[in-house]
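We count ligands from 1, going down the list as the structure has it; atoms in each ligand are counted the same way. Position 1 is the first residue of the sequence; numbering continues from there. It should be emphasised that the depicted structure is a prediction, and the values quoted were computed from it without experimental measurement.
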Amino acid sequence: MQQVTNRMLAFLKPFHLTRIRLRKFAQQPRMTMEGIQMVDLIGQHQKIENELQQAMGRVLETGAFVKGPEVKAFAEELGTFTGAKHVIPCGNGTDALQIAMMALGIGPGDEVITTGFTFISTVEVVALLGATPVLVDIDPISFTIDAAQVEEAITKRTKAIVPVHLFGQMADMTALSTISEKHNVPIIEDNAQAIGAQWSDRSQRAMQSGTIGLMGTTSFFPSKNLGCMGDGGAVITQDDDMAARCRQIANHGMSKQYHHDVVGINSRLDGLQAAILRVKLQHLPDYIKARQSAAKRYDAMLHNLPGVTIPIRVANSTHVFHQYTLRILEGKRDAMRAYLQSKGIPSGIYYPIPGHAQKAFETFGYNPEFFGESLQAAAEVLSLPMHTELNEEQQTFICEAIRIFVLDIND
Ligand SMILES: *Cc1c(COP(=O)(O)O)cnc(C)c1O
């Protein structure tokens, strides 16, 4: 009898512990942690405050507030970092996409193939230029554009393919490059979320994100992996002709002063942002490592939870973790998010409505049947706090809350 009781107790123990933990978590006020943020820029900047002050001081002294030597130096340094021959700084990541598409002469009657599971800029700019965004679904493993569907969507009107390296991991650039060459359609990589990621092609030569397509675009919005303290962006390319066109377009279509040969836009990086970016670019490799370490800690704490899928890494790309994005299965995503919120833990949904379902793009008449994976991702994704300052204690707290939520439901 004693033996049976012991066995029963042993059987009940995990359940018991869960219950006790749940109660503890719910009742004890010390089980809270203040100040967990999605992104901690203040913490990041405090560590390099002297460098930042010096850099900004240089701009105040020279008065070169728009363009000028800091912008030039930053462009050169970003070129060295990425291996891109040309860097054309501009006002933001959305402008960068627009400038790259304008350099290709994209306009009414043209089609651009891209994904709707992205920040809206990628789709918006195509429509803004009067062209048609041809949206295809995503690969559910990487959340990036499904290369097989890209090939099916190519027509005589296709002027560009725009993969988005979402969350810090690259789209299948080997397959996309093959399609691009076969059909003679250039690629513009939307690299706003994956600066510093690398792709290993068939020869296993690692290439920087943004340098494989004809052009790559990026954003220096503060929360991006390389962020400034306002708006900023850049187009990068190995192509001399595209570089010259982008420079001209970004500067009012000007060839020499007050000679405007093409219709352009006004899109510039300012001196303060460039000076700040020069400092932060030097730290980017360490920032990427910090994000990757944080991702590994999350993996270790979350990998065997039922109903939770940790980010899957694809074979050819490194992952620089702009976001650490889980899938929460069985329709429990929103409840989990609310639970985390109640514990003071922020989380994000990138993106809740895919481009094909956005009101602004209704007129293109997308058929939701073709976007099953995008819709499922939109219903399941949950991005956890991810930044360079995230520490193990915070992550333990976050993951404990997730575990308790999951186990409670599974009881
Ligand atoms: C942030 C972002 C952009 C736009 O960058 P902005 O600098 O905000 O204009 C474009 N595409 C993707 C995928 C982004 O994440």
Side-chain angles (χ1 to χ4, degrees), residues 38-39 41 74 78 87-102 112-129 133 135-136 138-139 142-145 160-171 173 176 187-197 209-210 213 215-236 246 250 265-270 272-274 276-277 280 291 317 319-325 348-356 358 360-361 374 377-378 381 383 386-387:
M38 284 302 279
V39 179
L41 292 174
F74 169 65
L78 187 65
V87 174
I88 302 95
C90 65
N92 56 64
T94 310
D95 279 2
L97 283 161
Q98 182 175 342
I99 292 162
M101 288 184 205
M102 287 174 76
V112 173
I113 302 173
T114 189
T115 160
F117 197 65
T118 175
F119 183 61
I120 203 63
S121 304
T122 328
V123 183
E124 177 181 59
V125 160
V126 179
L128 200 62
L129 292 175
L135 302 182
V136 301
I138 52 167
D139 155 39
S142 64
F143 300 107
T144 61
I145 197 163
I161 301 164
V162 187
V164 179
H165 301 321
L166 205 69
F167 303 149
Q169 189 164 240
M170 295 172 69
M173 290 307 294
L176 291 169
I187 294 173
I188 301 169
E189 295 171 66
D190 182 344
N191 195 30
Q193 300 190 6
I195 194 162
S209 57
M215 290 176 271
T217 65
T218 199
S219 163
F220 307 120
F221 185 76
S223 64
K224 304 281 157 124
N225 285 21
L226 176 62
C228 59
M229 296 187 189
D231 276 309
V235 181
I236 67 178
C246 287
I265 64 173
N266 171 26
S267 187
R268 315 184 266 232
L269 186 67
D270 69 70
L272 276 168
Q273 303 312 333
I276 288 162
L277 286 165
K280 293 185 73 173
R291 287 173 180 274
S317 177
H319 200 321
V320 295
F321 287 99
H322 177 58
Q323 300 293 346
Y324 185 90
T325 303
I349 297 172
Y350 313 113
Y351 295 89
I353 308 170
H356 78 269
Q358 294 285 355
F361 304 101
S374 300
V381 289
S383 297
M386 171 49 80
H387 53 80

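Below 4.0 Å from some heavy atom of Thr118 lie the following atoms of ligand 1, by number and element: 13 (C). Here is the list of ligand 1 atoms found below 4.0 Å of a heavy atom in Asn92: 7 (O), 9 (O). Of all the atoms in ligand 1, the ones that sit under 4.0 Å from a non-hydrogen atom of Val164 are 13 (C).
Considering both main-chain and side-chain atoms, Ser121 never comes within under 3.5 Å of ligand 1 through any nitrogen or oxygen pair. For ligand 1, the polar-atom distance check against Ser219 finds a nitrogen or oxygen pair separated by under 3.5 Å. Taking only nitrogen or oxygen atoms, main chain and side chain alike, Gly93 reaches within less than 3.5 Å of ligand 1.
Nearest to atom 9 (O) of ligand 1 among the protein's heavy atoms is Thr94 OG1, 2.5 Å. Distance from atom 11 (N) of ligand 1 to its nearest protein heavy atom, with residue and atom name: Asp190 OD2, 2.8 Å.
The aromatic rings of Phe117 and Phe167 sit perpendicular, their planes meeting at an angle over 60°, well past the 30° parallel limit.
By the 4.5 Å heavy-atom criterion applied to side chains, Gln193 and Leu166 are counted as neighbours. Counting only heavy atoms from C-beta outward, the side chains of Val381 and Phe143 approach each other to under 4.5 Å. Residues Thr217 and Ile188 form a side-chain contact, since some pair of their non-hydrogen atoms from C-beta on lies under 4.5 Å apart.
Close placement of the Phe74 and Phe220 rings is indicated, their centers lying within 6.0 Å of each other.
The nearest pair of heavy atoms linking Gln169 to Thr144 is O-CG2, 3.9 Å.
Here the CE atom belonging to Met102 is positioned 9.5 Å from the CG atom belonging to Leu128, to the nearest 0.5 angstrom.
Note on ligand 1: Lys224 sits in its first shell, one or more heavy atoms being nearer than 4.0 Å.
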